[in-house]
Amino acid sequence: MQRALTKTLADIMPALGLLLITIAYLTVAYQYSPALRAFPVMVAWSMIALLALDLVARTPTKLGRAVTRWLNPASAAAETTHINRRDLVAVLWVAGFVTALVLVGVPCAVLLFVFASARWRGKRSYAVSLLLAVATMMVIWLLFTQLLRIELYPGILLGGA
Amino acid sequence: MLDVWLGAIQGLLQPRELMFLGLGMVIGLLFGAVPGLGGSTALALLMPLTYGLEPISALALSGGVMGAVPMGGSITAILLNTPGTAPNAATCLDGYPLAQQGKAGLAIGAAASANAIGGIIGTLSVLAVLPLAKKLVLLFGPPEFFLLAMFGLVTTAMAARGKLLRGLITGGLGLMISFIGYNEVVGGERFTFGIDYLWDGVHLVPALIGLFAVAEMINLSVRGGTVSKDAAAVKITSMADGLLETFKHWRTVLRGSLIGTVVGAIPGVGGVVASFLSYSMTVQASKNPESFGKGNIQGVIAPEAAINAKDGSALIPTLAFGIPGGAEMAVFLGILVLHGLQPGPMMLTQNQTEIYGLVWALTLSCLLASFIGLLFVRPLAMVTLVDSRILVPLVLCIAMVGSYAIDANIGNVILTGVFGVLGYLMIRYDYPRLTVVIALVLGGTAERNFHQSLMISDGHYSVFFTRSISLALIVLIVAWLTWPLANSLLRNGKPGLLQEGS
């Protein structure tokens, strides 16, 4: 029973999350002038109606199955997969790279990211990882700084704005 | 008209432009050959790099990529049973059995020539239709453009095979995001929460890089490993026979090209529908239908001709109305905007040299990429043996630095990261990303034309129903939206029993 409830909750999470975001969006939209909010409000109310249908479609009821078969037949066939540790790790690597780019700038972040990825995720030796990191940075420097004349971002900690 | 065509060819046949065309073709072949990357990722990555280029050079580069991606995709579809791009999936059905029989060269040769001929037919159709589109587009006012944008969104959601509801939801999400920033028609900023960077709205290019390049890289990183486990599978035999097979089956090439041309011109329907429709019609027309799926060469020729023909005709809604035909065209539209070219009626009259330059670039790319593809079959197939844990950080670095380089703004990098995670969540939870992209592109146009329509009608919504083209578009939108229910009723006599995958 508890497992079924957990599965249903996990199934409705994406639609529920989007619904909450849309309600927050609508609340903010109503603070603008009537002309400024006209179209966003129209779209947000349509979204709420669609998300309500999506929520119904995700419930194990007769109506839910009917809505799925009518409007989302492919999703019924697709296996539902949920976020796990592998997903989180992959997303955190990207988040870490973006944070490094902002804080320490492009040259340091690229060197660090490629080296760390090759060494700890790719299980390459220190020498190969370092070589890959330096080669990638060289390509970026040649492409952006030399060819396109774009100064690479130095990072907030190193004087970037 | 002939002057414009010749001027465009002359502009394209300069050493610099030919160099960019060649570079685009190599990149297109490479990205087409690696499953999961594809044309939209290649264009998204290249977009910031085109910033410093002349528009014609940028269009040559983009044309090279778009023309070459299908050829790259067909190589892995035939050799590894792994379609490089989604439309190439139809090629797997007979291409891979041919490869298993030791006839990979025959299949690749046939795919290359079908690609080239299909591409030429597709671009010829653009040349024929664009002058007519110019006249048609002048009949459109703000209500028509608003409804056309809505129609584009609905058809794109419909095209998300079996996921209409989720397509509409992500379309709505894209529209909501597109309203962020300063509104020029009404005057006033919305949803910026005090962040100066968002005053200009969500920047399209970093968002596209995130949704495609970064999201695909996160996905690849989670999947891990290499695309192909077996280096021995990358084996090629004689290809010349395959080239001849295409001419022997000229009816199949012609049928596939025509299907690709018609399907490509409908916004959002895209290459998958074109290739599978062409395949199934070829099976139906065959005297020997049971041979398909077991290594019939026509099963390779039909989808490949349709895929490349579709690319040319997909330019028609993109250039004439600013409604991208698919994800690749949406990213390409971003490149046009980046270079100050605003698709729509004005572009058709003011940027003819660029438009026809692009058409010729696509034609040349389809032709040359097929031959270059044949030369580089082996190294291209080897790309699928690169470890994803090495490929992912390299592509991510180029994507992020490219995003920053658009206007040297670190805010772009953060936006790319945010959209990368959003795109990955959409892949994970099976929500189509294409409708978000189309909505991001069309959101501003839709809202501007919505307000202008109400201005010319003194605030009366009747303006959308009293003009013939508007009314026709409303009927089309309603018809598209009610089609799944009507189809279900027709098939089963009661709603809610639509067959899966139909």
Side-chain angles (χ1 to χ4, degrees), chain A residues 14 18 22 25 28-29 32-33 35-37 39-40 43-44 46-47 50-51 53-54 57 65-67 69-78 81 83 86-87 90-91 93-95 97-98 101-102 106 110 113-114 117-118 121-124 132 136 140 143-144 148-153 160, chain B residues 49 51-52 160-166 168-169 172-173 175-176 179 183 186-188 190-191 214 217-218 221-222 387 389-390 392-394 396-398 400-401 404-405 408 410 413-414 416-417 420-421 424-425 428-431 446-447 450-451 484-485 488 495-502:
Chain A
L18 275 172
T22 309
Y25 185 92
V28 175
Y32 302 128
S33 70
L36 209 53
R37 71 178 181 225
F39 202 47
V43 171
S46 311
M47 271 289 277
L50 292 169
L51 285 164
L53 268 178
D54 197 21
R65 281 190 290 272
V67 174
R69 284 177 190 148
W70 174 35
L71 291 169
N72 264 341
S75 69
T81 50
I83 297 294
R86 280 175 75 93
D87 299 296
V91 168
W93 270 93
V94 174
F97 182 38
V98 171
L101 282 165
V102 174
V106 172
V110 166
F113 180 65
V114 178
S117 299
R121 298 202 81 196
K123 307 271 188 279
R124 299 297 194 273
L132 266 171
T136 309
I140 285 174
L143 197 63
F144 291 95
L148 298 172
R149 303 274 166 211
I150 294 164
E151 202 181 316
L152 297 176
Y153 185 66
Chain B
L49 303 181
Y51 190 61
R161 287 153 288 142
K163 286 181 257 178
L164 171 65
L165 182 58
R166 292 188 187 176
L168 289 173
I169 288 170
L173 180 69
L175 282 177
M176 279 163 51
F179 300 142
N183 184 298
V186 182
R190 298 170 299 188
F191 310 108
V214 177
M217 285 306 109
I218 298 176
S221 161
V222 172
D387 187 348
R389 287 168 298 189
I390 299 300
V392 168
L394 301 183
L396 276 178
C397 286
I398 301 285
M400 291 296 184
V401 180
Y404 165 76
I410 197 67
V413 174
I414 299 170
T416 301
V421 176
Y424 178 65
L425 286 175
R428 205 70 176 74
Y429 285 116
D430 202 26
Y431 280 91
E447 191 180 18
F450 173 78
H451 284 298
L485 182 63
S488 175
L497 291 172
L498 185 71
Q499 296 299 305
E500 278 163 22
S502 61

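In what follows, chains are A, B, ... by sequence order, proteins preceding strands, each numbered from 1. Heavy atoms only: backbone and side chains are in, while hydrogens, waters and symmetry mates are out.
- The CG atom of A/Leu36 lies 7.5 Å from the NE2 atom of B/His451; values are rounded to the nearest 0.5 Å.
- At least one side-chain heavy atom of B/Met400 sits less than 4.5 Å from a side-chain heavy atom of A/Val94.
- In this structure, chain B has a heavy atom under 4.5 Å from the side chain of A/Ile150, while its backbone stays farther away.
- The shortest heavy-atom contact between B/Leu396 and A/Phe97 is O-CE2, 3.8 Å.
- A/Arg37 CZ to B/Phe179 CZ: the interatomic distance, rounded to the nearest 0.5 Å, is 14.5 Å.
- Taking all atoms of both residues into account, the shortest heavy-atom contact from A/Val98 to B/Gly417 is CG2-CA, 4.1 Å.
- Of the atoms belonging to A/Ala95, not a single heavy atom falls under 4.5 Å from chain B.
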Handout entry: Candidate pair B/Asn183 and A/Tyr32, rule side chain to side chain donor-acceptor pair (under 3.5 Å), full reasoning
Key = CA-CA 12 Å; B/Asn183 184 298; A/Tyr32 302 128; over 6 Å; no

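- Residues B/Tyr431 and A/Pro14 meet the side-chain proximity criterion, which asks for heavy atoms closer than 4.5 Å.
- Your options are A/Ala57, A/Pro40, A/Ala90, and the one with the most heavy-atom pairs under 4.5 Å with chain B is A/Pro40.
- A distance of 9.5 Å separates CG of A/Leu101 from CD1 of B/Ile414, quoted to the nearest 0.5 Å.
- Among B/Gly172, B/Ala408, B/Ala446, the residue with the largest count of heavy-atom pairs under 4.5 Å with chain A is B/Gly172.
- Interatomic distance, A/Leu50 CG to B/Leu165 CG, rounded to the nearest 0.5 Å: 6.0 Å.
- In this structure, chain B has a heavy atom under 4.5 Å from the side chain of A/Val43, while its backbone stays farther away.
- Under the 4.5 Å side-chain criterion, counting only non-hydrogen atoms from C-beta, A/Phe144 is not in contact with B/Tyr404.
- Of the listed residues B/Val401, B/Leu425, B/Thr416, the one with more heavy-atom pairs under 4.5 angstrom with chain A than any other is B/Val401.
- Looking at A/Leu18, only its side chain comes within 4.5 Å of chain B, counting heavy atoms on both sides.
- Rounding to the nearest 0.5 Å places CG of A/Leu132 at 5.0 Å from CD1 of B/Ile390.
- Contact detail for A/Met47 and B/Ile169: the closest heavy-atom pair is SD-O, 3.3 Å.
- Put simply, the side chain of A/Arg121 reaches to within 4.5 Å of the side chain of B/Ser221, judged on heavy atoms.
- Going from atom OG1 of A/Thr136 over to atom CD1 of B/Ile398 covers 7.5 Å, rounded to the nearest 0.5 Å.
- For chain A, the nearby part of B/Val421 is the side chain; its heavy atoms alone come within less than 4.5 Å.
- Proximity to chain A is absent for every atom of B/Val392, based on heavy atoms less than 4.5 angstrom apart.
- With a 4.5 Å cut-off on non-hydrogen atoms, A/Ile140 touches chain B through its side chain but not through its backbone.
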